[in-house]
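The structure appears right after this line, and notes come after that.
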Amino acid sequence: MISNDSNIYSEILIRLQKLYPEIKSKLIFNSPFEFYVSVILSAQCTDEKVNFVTKDLFQYLKNFDDLNSISLDSLEKAIHSTGFYHNKAKSLKEGAKFILENFGGNLPNEFDNLIKIPGIGRKSAYAILGYVFNKSAIIVDTHVKRLAVRLSISKKDDPLIVEKEIASNVEEKDWFKFSYFLNQHGRTICTAKKPKCPECVLYDICPKVGISINK
DNA sequence: CTCCCGATAT
DNA sequence: ATATCAGGAG
C-alpha cells in the first residue's frame, strides 16, 4: 500500500526521538517499592513535588511492611502537599496490604497481577512494567490520549482504543518509547490548553493543525 | 459520570 | 478569584 499516512507512526518515532532522547521517568526511585509509592502520588501532581515529598518519606518508609504499619494519619500528613492525600494514603496502604498478602511483599512484574492491586489501574500498571521492569508497555495517560486524538491515531478519546491503535501500528519494541514520546510532547509542546503548534516538529503531519484543537 | 484536593497558572 | 490539572474507585 502506497500511502503517506501509513508512515505517521514511524515519522513520530523518528522526530520525537531527537527531541526526547533519554527515556527515563522523572520520578526519583531506587526500588520497585519506591516507584510504586511515587506513581500513586504522581496523580495530578508534578513529578518534582512527588520527589520533594518522597525524599523525606523514603528515609523511614523502606518496604511494603513499613507502609502497612504506618498510621493512616501520619501517612496523610507526609503526602499532604501532593493533593488527593486521603485517597492516595488509602490506596497506598490497601495496596501494601494486598501485596503482602498475595505477592509476599514483592511488587509483581506482570500486568495481570499489577492491575489487581487496589489503587493501581492500567496507566500505573504499565508505568511500573515499563520504568521498573523494562517490559513492553503502552502508557496511555491524559497526554497520550490527547495527542493520539489530535494526530488522528485514534478517533475516540478512550485509553483502551488508543492503546490498541498503538499496539497494532507500532512494533512492540517501540511501544513504550512511542507512548513516552507522546507524553513528553504533550507536557511540553502539544499542551492541553495552548498548544505551541508553530514550534511543533510534527506540525506538517498533524491533521488537526489549523482546526480547533480543543480535545 | 462524579468525587477526591492542593498547587499553579491565569 | 477561579479554572485547570488527572488516575482510580464507586
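Just so it is clear: chains get the letters A, B, ... in the order the sequence lines come, proteins before strands, and each one is counted from 1.
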Q: Could you state the atom-to-atom distance from CZ of A:R187 to C1' of B:dT8 in whole Å?
A: 15 Å

Q. Is A:H143 near enough to C:dA6 that one of its side-chain N or O atoms lies under 4.0 angstrom from OP1 or OP2?
A. yes

Q: Check the distance between C:dG7's P and A:Y126's OH and give it to me in whole angstrom.
A: 15 Å

**Q.** Residue pair A:D66 / A:I70, side-chain heavy-atom distance below 4.5 Å
**A.** no

Q: Using a strict 4.0 Å threshold on nitrogen-to-oxygen distance, state whether A:K116 and A:D112 make a salt bridge.
A: no

Q: Fit a plane to each ring of A:Y131 and A:F176, take the angle between them on a 0 to 90° scale, and name the class: parallel (under 30°), tilted (30 to 60°) or perpendicular (over 60°).
A: perpendicular

Q.
Can you tell me which nucleotide in B:dA7, B:dT10, C:dA6 comes closest to the side chain of A:T142?
A. C:dA6

Q | Integer angstrom distance from the P of C:dG8 to that of B:dA7 | A | 22 Å

**Q.** CG on A:L67 to NZ on A:K93, rounded to 0.5 Å
**A.** 6.5 Å

**Q.** Interatomic distance where CD1 belongs to A:I120 and C1' belongs to C:dA9 [whole Å]
**A.** 13 Å

Q: For B:dT2 versus C:dT4, give the span between their P atoms, rounded off to a whole number of Å.
A: 15 Å

Q) Is the A:H185 ring parallel, tilted or perpendicular to the A:Y20 ring (thresholds 30°, 60°)? A) perpendicular

Heteroatom pairs (N/O) under 3.5 angstrom, protein to nucleotides 1-4 of chain B:
from  : atom 1 : to    : atom 2 : distance (Å)
B:dC4 : O2     : A:N87 : ND2    : 3.0

Q. Separation of A:L114 atom CG from C:dG7 atom P, in whole Å?
A. 17 Å

Q: Describe the nucleic acid contact of A:T46 in one word from base, sugar-phosphate, nothing, applying a heavy-atom distance below 4.0 Å.
A: nothing

Q. Starting at the 5' end of DNA chain C and moving along, which residue's nearest nucleotide shows up first, A:E94 or A:C45?
A. A:C45

Q: Could you state the atom-to-atom distance from NZ of A:K49 to P of B:dA9 in whole Å?
A: 12 Å

Q.
Would you measure the distance from the P atom in B:dC5 across to the matching atom in C:dA1 and give it in whole Å?
A. 24 Å

**Q.** Rounded distance in Å - OH (A:Y36) to P (C:dG7)
**A.** 17 Å

(Q) Under 4.0 Å, heavy atoms only, any strand: does A:I40 hit a base, just the sugar-phosphate, or nothing? (A) nothing

Q. Would you call A:D204 and A:R15 a salt bridge, taking side-chain N to carboxylate O under 4.0 Å as the test?
A. yes

Q.
Distance check needed: C:dA6 P versus A:D158 CG, whole Å only.
A. 18 Å

Q: Send over the distance from A:L160 CG to C:dG8 C1', rounded to a whole Å.
A: 14 Å

Q. If you find the nucleotide of DNA chain B closest to A:H80 and the one closest to A:K194, which residue's nucleotide is nearer the 5' end?
A. A:H80

Q | Residues A:E110, A:K135: salt bridge by 4.0 Å N-O rule | A | no

